[in-house]
Amino acid sequence: MSKLEQVLILEPSGELKFKGPFTEVVTSNLKLNNPTDKRVCFKVKTTAPRRYCVRPNSGVVEPSSSINVSVMLQPFDYDPQEKNKHKFMVQSMFAPEGGIDNETMVNMVSDKMWKDADQTQLMDSKLKCVFELPPEALQALAKGKTNVFKLESSTPPPRKSVSAPSIIKRVPVRPIKNDLDAAKEAKEVAAVPPVKPNIPKPSPEAKRPVTQDDGLRQRKATPSDNQTFTTEFAPVAQRSAIPPVLYLLAALILGFILGKFIL
C-alpha cells in the first residue's frame with residue numbers, strides 16, 4: 001500500500017543547512033506551504049532531539065497559506081571527521097472535518113492524534129542536515145587547527161588569592177604569674193605602712209561646752225543670711241506718721257484761741 005504524496009511544499013525541500021562555527025546557536029528556517037483548499041496538520045520530528053530546538057514543532061497550515069518553522073542547532077564541539085547523520089521528517093495530514101477544537105490541538109501536541117490516525121492518510125517528507133563551515137574555518141582546518149570548533153570552557157578561571165591587610169591590632173598579653181610571684185607581691189603590699197590622714201587636733205576652746213552667751217556672741221558676729229542678697233538701690237526716706245493737714249488745723253485752732261484772749 002503506497003503512501004499519499006506530501007501536499008505541503010517544503011522550502012528547502014531536501015536539506016537543512018547550518019553554517020558554522022558551531023560554538024553558538026545556529027538557526028535554519030523551514031517554510032511550509034499549503035496550496036490546497038483544506039487545512040493541513042503538521043508535525044516535525046528529528047533523529048537527534050537533544051541537539052535541536054524546533055519552534056513550532058506542530059500546528060495547522062491554513063488553506064492557501066504558509067508557516068515558517070525555525071530549527072535551532074544547539075552549540076557543540078564540531079568534529080570534521082565525524083559523519084553527520086541527523087535527519088528531519090515533516091509529517092502531515094488533513095485536519096478532521098468540523099474544525100479543530102482545543103482538545104484536538106492538545107492531542108496533536110501529545111502525539112495522540114497522530115497515533116490514532118489512519119496510517120494510510122499520513123504524508124511525510126524527509127530532510128537531511130548539512131553542516132557548512134565558513135572559509136576561515138576551512139583554512140584553519142587545512143592547517144590542522146581543530147580548537148576553533150570547540151566550545152570555550154564555562155568554568156571561570158581560578159581567582160588569585162590576595163592576602164588582605166591585617167586590621168586587627170596585636171594586644172600584648174601579660175604573662176600569668178605563678179604562686180610564688182603572687183605571694184611575694186602580697187608580702188610587699190603588706191609591708192607598706194598605711195597612710196594616716198592629716199587631721200588637725202581640736203583647740204582647747206573647742207573642747208569647752210557651748211553656753212548661751214557664746215550663742216549670742218556668735219549671732220552678733222555672724223551676719224544674717226539675708227544680707228548676702230542686698231541690692232544697690234538708694235535708701236528710701238521715711239515719712240512722718242502724722243499728715244501735714246493735721247499740723248495746719250492745729251495751727252488754726254491755736255491762733256483762734258489766742259485771738260480770743262487778746263481781744
Side-chain angles (χ1 to χ4, degrees), residues 1-97 99-135 137-138 141 149-151:
M1 185 181 297
S2 61
K3 292 184 177 181
L4 296 178
E5 185 179 358
Q6 176 68 273
V7 294
L8 295 178
I9 300 176
L10 280 60
E11 298 179 8
S13 58
E15 294 180 347
L16 285 176
K17 295 182 179 181
F18 299 91
K19 296 182 179 180
F22 305 102
T23 55
E24 57 185 10
V25 177
V26 181
T27 303
S28 180
N29 294 319
L30 175 64
K31 187 176 182 180
L32 305 180
N33 298 301
N34 180 12
T36 67
D37 57 352
K38 296 181 180 180
R39 304 174 73 183
V40 178
C41 300
F42 75 91
K43 188 173 184 63
V44 181
K45 296 182 178 180
T46 180
T47 57
R50 296 183 179 181
R51 301 288 292 272
Y52 298 90
C53 181
V54 181
R55 293 291 182 272
N57 61 352
S58 62
V60 178
V61 185
E62 297 295 333
S64 303
S65 63
S66 61
I67 189 172
N68 291 322
V69 177
S70 297
V71 181
M72 292 164 280
L73 174 64
Q74 304 303 306
F76 71 103
D77 293 334
Y78 176 68
D79 186 0
Q81 297 180 356
E82 182 181 358
K83 293 183 178 181
N84 178 25
K85 298 180 180 180
H86 299 171
K87 293 181 180 181
F88 277 85
M89 181 175 65
V90 179
Q91 281 187 327
S92 63
M93 65 177 178
F94 291 106
E97 298 294 337
I100 300 177
D101 53 9
N102 294 332
E103 184 179 358
T104 304
M105 292 296 296
V106 172
N107 294 335
M108 186 187 306
V109 175
S110 62
D111 292 341
K112 185 177 184 304
M113 187 181 69
W114 298 92
K115 292 179 181 179
D116 296 342
D118 186 0
Q119 299 297 316
T120 60
Q121 302 297 321
L122 295 180
M123 300 166 283
D124 60 66
S125 299
K126 295 180 180 179
L127 303 93
K128 64 178 182 179
C129 299
V130 177
F131 297 159
E132 295 181 348
L133 296 177
L138 292 174
L141 182 62
F149 308 109
K150 295 183 179 181
L151 296 174

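Note that the numbering runs from 1 along the sequence shown for the chain.
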Self-check item: Partners passing side-chain hydrogen bond (donor to acceptor under 3.5 Å, both in side chains) against Asp37 (at least two apart in sequence or in another chain)
Solution: none
Exercise. With sequence neighbours left out, write down each residue that passes side-chain contact (heavy atoms from CB on, under 4.5 Å) with Ser66, or none if nothing qualifies.
Key: Lys31, Asn33
Quiz item: Which residues satisfy the side-chain hydrogen bond (donor to acceptor under 3.5 Å, both in side chains) test with Gln121, sequence neighbours excluded?
Solution: none
Quiz item: Pro35: what forms a side-chain contact (heavy atoms from CB on, under 4.5 Å) with it, not counting sequence neighbours?
Solution: Ile9
Quiz item: Should Leu10 and Leu32 be marked as a side chain to side chain contact (heavy atoms under 4.5 Å, CB included) after you check the CA-CA gap, both sets of side-chain angles, and the distance that decides it?
Solution: CA-CA 5 Å; Leu10 280 60; Leu32 305 180; 3.7 Å; yes
Quiz prompt | Closest approach of Leu127 to Leu30 (non-hydrogen atoms, all atoms of both residues) | solution = CD2-CD1, 4.1 Å
Practice problem: Please name the pair of heavy atoms, one in Asn29 and one in Ser70, separated by the smallest distance, quoted to 0.1 Å. | Solution: OD1-OG, 3.5 Å
Practice problem: Mind checking side-chain contact (heavy atoms from CB on, under 4.5 Å) for Thr36 and listing every partner two or more places apart, or none if nothing turns up? | Solution: Val7, Asn34, Lys38, Val40, Phe94
Quiz item: Can you name the residues that form a ring pair (Phe, Tyr, Trp, His ring centres under 6.0 Å) with Tyr52, not counting sequence neighbours?
Solution: Phe18, His86, Phe88
Quiz prompt | Closest heavy-atom pair and its distance - Lys87, Cys129 | solution = N-SG, 4.4 Å
Practice problem: Using the test side-chain hydrogen bond (donor to acceptor under 3.5 Å, both in side chains), find all partners of Thr46 that sit at least two apart in sequence or belong to another chain. | Solution: none
Quiz item: Residues in side-chain hydrogen bond (donor to acceptor under 3.5 Å, both in side chains) with Ser28, at least two apart?
Solution: none
Practice problem: Measure the shortest side-chain to side-chain distance between Ser13 and Ser125 over non-hydrogen atoms and say whether it is less than 4.5 angstrom. | Solution: no
Quiz prompt | Nearest non-hydrogen partners of Ala117 and Leu122, listed with the distance | solution = CB-CD2, 4.3 Å
Quiz item: How far does CG of Asp79 sit from CZ of Phe22, to the nearest 0.5 angstrom?
Solution: 12.0 Å
Quiz item: Between atom CD of Gln6 and atom NZ of Lys126, what is the distance when rounded to the nearest 0.5 Å?
Solution: 12.5 Å
Exercise. Would you list the pairs meeting salt bridge (charged side-chain N to carboxylate O under 4.0 Å, His left out) in which at least one residue belongs to residues 44-58, sequence neighbours left out?
Key: none
Self-check item: Minimal non-hydrogen separation, Met123 against Glu5, with atom names
Solution: SD-O, 3.1 Å
Quiz item: Which atom names give the shortest non-hydrogen contact between Thr120 and Leu4, and what distance separates them?
Solution: O-CG, 3.5 Å
Practice problem: Scan for salt bridge (charged side-chain N to carboxylate O under 4.0 Å, His left out) pairs involving residues 59-74, sequence neighbours excluded, and state none if there are none. | Solution: Arg39-Glu62
Exercise. With sequence neighbours excluded, give me every salt bridge (charged side-chain N to carboxylate O under 4.0 Å, His left out) pair touching residues 8-21.
Key: Glu15-Lys128, Lys17-Glu132
Quiz item: Do side-chain atoms of Asp124 reach the backbone of Met89 as a donor and acceptor pair under 3.5 angstrom?
Solution: no
